[in-house]
Every structure is written in structure tokens, then in C-alpha cells.
A.B. asks: 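If you scroll down you'll find the structure; I have some questions about it.
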Amino acid sequence: MSKKVSRRTFTKVAGAATLASTVKLPLFGSATPPPQASASRDFPAGFIWGTATASYQVEGAVKEDGRGPSIWDTFSHTPGRVVNNATGDVANDHYHLYKSDVQLMKSLGVKAYRFSIAWPRVFPNGDGPPNPKGLDFYNRLVDELLANGIQPFATFYHWDLPQSLQDRFGGWEGRETSKAFADYAGYVAARLTDRVKHIFTINEFGAFIEVGYRRGIHAPGLKLTGLRLNQTRHHAVLGHGLAVQAIRAAAKPGTKVGLAENITIASPVVETPAHVAAAERAFREMNAQYLTVIQEGKYTDWYLKSAGADAPKFTPEDLKVISSPLDFVGINVYTTDFVRADESQPVGFSFVPRPKSFPHAPSFWLYVAPEALYWGPRHVAKLWNAKEIYITENGCSAADEPAADGRVNDTDRVTFLRSYLTQLHRATAEGVPVRGYFLWSLMDNFEWSDGYTNRFGIHYVDYATQKRTPKLSADFYREVIARNAVL
Ligand code: PNW
């Protein structure tokens, strides 16, 4: 097309646009419908759209109603551990504002809310005498959700380990903590499952162990290596398995149990059969210490061989417990690594190095890679034949700032969500059994060692006043939910 023609075409279209805005003529001719969800963008009927948060990140009220201290209280109160020495002492004050927060969810139209239970509210020392007043908060929250037509999905461990267990047993370094977790899980299941039908045992083995016990960036701030580290990983998955059994023994019929793991995702660098097969092999190995052993009941040969004398000590009974059957698999999906087939490597794959210019969100680790939301659930379904999958977290941080008119125009987050949901749609359209999606997060909150600096919410929180303001992404998500389609 010559420049002349294209300029003339531009003038024509621009003229039509001006006209259309005054006399409401359709811009592209009356035969062209306005953008709308076509069948090809629909999610399966009954798809569960939700939002997620976690106790220490939103609740505040850390000394109220008998709550004991957690490792995150200790960690955040240690100078230099968290950006600006921020703590979760008040956070979003969700402990007191939960009723209005439920109204935020209602106005989005979400069908479900994923929250976590603070273990030290229920057992202030981790084990020993329970604190019924602590559990009462969750009774109130669950009742409020149900009264507003929102299904409660509860996570039993989202990192706020009772400090006493850290002091007495080294936290997850000690097998005693796995046992205490199961006892706590059974206690809560007995009391909530008349109303809570979906339980996640543990959130992100791959984050709280690697970031908290290996790299020392999260609580408890340790830098374990070798056998001690592998044994800690083992105790975490063992705690999960023991909790699954305790929950099944205590829960009302119809309760479903799973977990919420931030699987490390391998995407094929190009979609050839060889690279796809390499990505599947890589995915199994990259998750060997967590989801793979939980699904397969054994550590991979490659993991055990590479660990050598540092391989965890375990019994066959441990492996049986760890691989207790689950009703669903929850996966937190943020990013991916790219792999290629490489027969020169022992497992037949190698990583494609990430270029310096690869785009990422303000969180340094959050490389923007929408295909993660296709390959993550697809691998889980294909490798382990999972029948029910939930995306238990997905979202992005941004440097949100209210504009002069008070609006938060987070077009970066909208673009992120639209791209990722398009890939999730590809998965459901191909029959990958994803039943629901929980956007992280309902609102900005305490982002662990980043404090309050990296905002993940679709509601902006002014921490001075606790005012919540829906961002543009909240409008986007409301529309997605209403149409059950990615738009
Ligand atoms: C998850 N990484 O954390 C957690 O489940 C949430 O509590 C958290 O707020 C959210 O994702 C956003 O960060 C992660 O370093 C923290 O890869 C770190 C990593 C991944 C997930």
C-alpha cells in the first residue's frame, strides 16, 4: 500500500471516528459488532473465579485475641530484614475490616475467596492448648463469605509458623513440626468443614523453603545447605501428607483436600515435539523435592543421585504418607523457565539463558511469561493425570500510584492479566481440567521482605487510612467474571 493511500485511509477513519463520537455511527460499519466474548473466548461453564490473600499479609491484629508470635513477627521486627523495616503488625487491618473486604469481593462478582488461617491464632505455641478465640475469627469470616454467596477456600499454612516451633524444633528442620502441623490441621478441619469444602494444606513449599531456609531472604532467615536443607524439604512434604490424612480423618464428608504449590515451570523454547518432551522431563526434575514426590510417591532418580550423601533420610512409610491421594492440585503461576531438548545432558534438556532485557515486573523474579499459565497446568494434567486443577495464585506487582482524579490506571496489570488468561484459556479449551482461578491479590498487602513497596492488588490500599480503591484491573476482572471469558 502506498503512503498516499494509507494517509487517505487514515483521514477517512479519523473522520468517521469524529462523526461516530457525536452521532453514534458504528466506526467500522454496521455489520461489525462491538467487541464481545465470542464462544472461542469462553471459559468452561461453572468456572470458579476468585481472589486470594494470606493471613500475615493482610490481617494485622498480631496481638489480639490470644494470637501467639510467628516467625514473620520475629523476622519483620529484626532491623534490616524487610524494606523500610515494615511489619505486618497492622497490614490491611483485615482482622477488623473483613466485612467491608467481603463487600469488595461481592462487587467484583467473585465466586470464591482463598484466604489462609494463621496457625498461631489457633495454637499460639504451635502445639499444646488451642485458642478458640483465634479460630473464631475464621468462623466469622467464613459465615460472612457464605452470607454473600462466596465460597471459602482455606489455606492452612501460608508461612506464619508459630515462633515456638522454630525455637524448639528449628521449625521445618524438625520432624516434630510436621507432626504438629497435622494435629493443627485436623483440629481446624473438624471445626470448619461443615462450611469450608476446599482446603489447601501448604502454600508454596518451593518458596518458603528455598527463600526462607536456603537463601535467608524470608523468615526464618536461614541459609541451610546439604543434608540439613534436603531434610527440611522432606519435612515440609511430610507435614503436608500427614495433614492430608488428619484432615480426611476429621473433616465432614464432601471436603476436598489439595495444596497450593508454586511449581517451577518449564516451557518449551519452541513448540516442537522434541522441545515439548524436554520441557516435560525438565518439569518433573525441577519439582522433584516437592510436587513430583507428592504425586509419584518417590524422589526422582536424578535428584537422589545428584544429592548423593546429602539425600534426605526417609522411610518407605514417609513416601506413602507424602503421596496421600489429593482431590485437586492447586498451582501458583507467575513465571517460567525456557528449556530446549539437549541430548548431551543427563535428563535430555538444558535451560535457555534468559537475556538481560527479558521484561519483568517490579518484583525482580517476576519475568513476564504468559505461556506459564498454559504449560503449568498442562504439565500437571499430562504427567500426573490430575483431574481437578486450580490456579491458586496469578497476578503481578506494579508501581501503582493514584492519578490526580484518584483513579489507579494500572494498564500494565490489565495487559499482564489479559495475556496470562489468554494462555489459561488455551489450556481449558484443550481440555486441561482447570476448575478455577484465584487472582493474587484482592488488594495490595504486605509483600514479605519487599514490605509495602511492591503492590499486587486489584484494589489500591492507602495504608494511612486503610481506604481501598478499585484499580482499573478490578474493572477488567469484574468484566471477565461477568462474561466468563477473557476479553
Ligand atoms: C507468592 N519467587 O510468593 C506467595 O504465595 C504470596 O504470598 C506472595 O505475595 C505472592 O506470591 C507474590 O509474591 C512468592 O521468588 C514469592 O519466585 C517469591 C517468589 C514466588 C512467589
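Counting convention: from 1, in listed order, for ligands and their atoms alike.
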A.B. asks: So is Arg426 actually on top of Tyr374's ring, under 6.0 Å and inside 45° of the axis?
C.D. replies: yes
A.B. asks: Could you pull out all donor-acceptor pairs under 3.5 Å where a side-chain atom in residues 352-372 meets a protein atom, sequence neighbours excluded?
C.D. replies:
unit_1	atom_1	unit_2	atom_2	d
Arg354	NH2	Thr336	O	3.0
Arg354	NH2	Asp337	OD1	3.2
Ser363	OG	Ser397	OG	2.7

A.B. asks: Arg468 and side-chain hydrogen bond (donor to acceptor under 3.5 Å, both in side chains): which single residue from Asp462, Asp444, Asp101 fits?
C.D. replies: Asp101
A.B. asks: Of the options Arg214, Glu173, Arg215, which is the one that meets Leu222 in a side-chain contact (heavy atoms from CB on, under 4.5 Å)?
C.D. replies: Glu173
A.B. asks: Does Arg228 have more than 12 heavy atoms from other residues, nucleotides or ligands lying within 6.0 Å of its CZ?
C.D. replies: no
A.B. asks: Please tabulate protein-ligand N/O pairs under 3.5 Å for ligand 1, atom names and distances to 0.1 Å.
C.D. replies:
unit_1	atom_1	unit_2	atom_2	d
ligand 1	3 (O)	Glu204	OE1	3.3
ligand 1	5 (O)	His158	NE2	3.3
ligand 1	5 (O)	Asn203	ND2	3.0
ligand 1	5 (O)	Glu204	OE2	3.3
ligand 1	5 (O)	Glu393	OE1	3.1
ligand 1	5 (O)	Glu393	OE2	2.8
ligand 1	7 (O)	Gln57	OE1	2.7
ligand 1	7 (O)	His158	NE2	2.8
ligand 1	7 (O)	Trp448	NE1	2.9
ligand 1	9 (O)	Gln57	NE2	2.9
ligand 1	9 (O)	Trp440	NE1	3.2
ligand 1	9 (O)	Glu447	OE1	2.7
ligand 1	11 (O)	Tyr334	OH	3.2
ligand 1	11 (O)	Glu393	OE1	3.1
ligand 1	13 (O)	Glu447	OE2	2.5

A.B. asks: Does NZ or CZ of Arg340 lie under 6.0 Å from the centre of the six-membered ring of Phe338, at an angle within 45° of the ring axis?
C.D. replies: no
